[in-house]
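Only one structure is covered here, and it is reproduced in the block below.
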Amino acid sequence: MKVMDYILKNIKDGPIHMSLIDPDEQPPEVAGRMAKIIEESGSHAIMVGGSTGIVKEELDSTVKAIKDKTDLPVILFPVSAGAISQYVDAIYFMSMLNSTDLKKVVGEQVKGAPYIKKARIEPLSMAYLIVEPGMTVGEVGEARVIPRDQPEMAVNYGLAAQYFGMNLLYLEAGSGAPSPVPPEMIKAVKSELNIPLIVGGGIREEEQARELVEAGADVLVTGTVLEESAELKEKMEGLISAIRK
Ligand code: 1GP
């Protein structure tokens with residue numbers, strides 16, 4: 001099954017969870033072990049990415065280790081065209097629509113597209129919007145971050161993405177953000193758009209996760225909690241049951 005069909009099929013039954021693994025944070029075999037726990041906890045997919053200086057070899061061995069240990073779809077969350085692994089099941093073919101750097105909007109994508117075709121990786125067309133505070137990705141991406149109290153700005157970008165024909169919208173508060181994307185923004189976007197909404201950045205607690213899915217998020221992404229939790233399985237199960245309820 002195509003990864004996009006898998007996402008659509010699963011979100012029909014309610015919101016889902018995806019786990020973000022940063023290849024820079026641990027050796028491949030540890031990433032593989034984490035992936036196994038992630039799968040057992042009920043997460044729906046593994047995203048790999050998030051680092052600025054990643055080299056392809058390191059990325060490849062992490063992806064292979066994850067694929068070895070789980071059957072979950074592995075989706076590349078790319079930083080640049082320079083590090084794309086042919087071992088993933090799909091790649092977010094994403095444009096940071098509120099970046100002031102044209103490379104982040106379309107330049108890297110033009111560079112990466114021929115490789116994606118050659119390697120036959122499934123592209124998942126996605127609009128990526130950075131919401132205040134944006135953290136490292138907002139800075140590196142030179143984003144004009146969407147202020148937390150301006151949900152209508154997120155709606156307008158989202159509508160533009162939908163009219164461009166993009167299939168997913170990702171609202172990103174930034175990895176490690178002190179608090180996630182505001183629920184009011186999620187509500188506003190969901191009431192005006194009909195493409196699936198992914199939300200990530202700063203989600204640590206079950207209560208937050210519950211609030212975000214109640215506001216309308218279709219997919220919640222967590223990364224930092226994977227790295228921080230000593231009791232990974234318990235933490236993940238708690239978050240996922242809050243999302244799936
Ligand atoms: C980053 O949204 C993701 O792109 C995950 O953020 O690391 O804060 O969970 P966290």
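In each ligand, atom 1 is the first atom listed, and ligand 1 is the first ligand listed.
The nearest protein atom to atom 1 (C) of ligand 1, hydrogens excluded, is given as Glu172 OE2, 3.2 Å; this is a heavy-atom distance. Closest to atom 10 (P) of ligand 1, if we only count protein heavy atoms, is Thr224 OG1, 3.4 Å. Residue, atom and distance of the protein heavy atom nearest to atom 3 (C) of ligand 1 are Tyr170 OH, 3.5 Å. Of all protein heavy atoms, the one closest to atom 9 (O) of ligand 1 is Gly223 N, 2.8 Å.
Residue-ligand proximity, Gly200 to ligand 1, at heavy-atom distances under 4.0 Å covers atoms 2 (O). Counting atoms of ligand 1 from 1 in the listed order, those under 4.0 Å from a heavy atom of Thr222 are 9 (O). Atoms of ligand 1 found under 4.0 Å from any heavy atom of Gly201 (numbered from 1 in listed order, with element): 2 (O), 3 (C), 5 (C), 6 (O), 8 (O). Taking a cut-off of under 4.0 Å to the non-hydrogen atoms of Leu20, the atoms of ligand 1 that pass are 1 (C), 3 (C), 4 (O). Residue Ser175 has at least one heavy-atom neighbour below 4.0 Å for each of these atoms of ligand 1: 1 (C), 6 (O), 7 (O), 8 (O), 10 (P). Less than 4.0 angstrom separates some heavy atom of Gly176 from each of these atoms of ligand 1: 7 (O), 8 (O), 10 (P). Heavy-atom contacts of Phe77 reach the following atoms of ligand 1: 4 (O) (cutoff under 4.0 Å).
Of all the heavy atoms in Glu227 and Asp22, the pair that sits closest is OE2-CB, 4.0 Å. Taking both residues in full, the closest heavy atoms of Gly49 and Leu20 are given as O-CD1, 3.8 Å, listed atom of the first, atom of the second, then distance.
With Lys56 contributing its side chain and Ile84 its backbone, the two residues share a donor-acceptor pair below 3.5 Å. Between the side chain of Ser229 and the main chain of Leu226, no donor-acceptor pair closer than 3.5 Å is present.
Aromatic ring centres of Phe77 and Tyr128: separated by under 6.0 Å.
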| task | Please report the C-alpha distance between Arg244 and Glu237 in whole Å, then the side-chain angles of each, then the deciding distance to 0.1 Å, and finally whether the salt bridge (Lys or Arg N to Asp or Glu O under 4.0 Å) criterion is met. | result | CA-CA 10 Å; Arg244 296 295 285 172; Glu237 283 174 348; over 6 Å; no
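Checked for salt-bridge contact, Lys67 and Asp89 meet the test: a charged N lies under 4.0 Å from a carboxylate O.
There is no side-chain donor-acceptor pair under 3.5 Å between Asn167 and Ser125.
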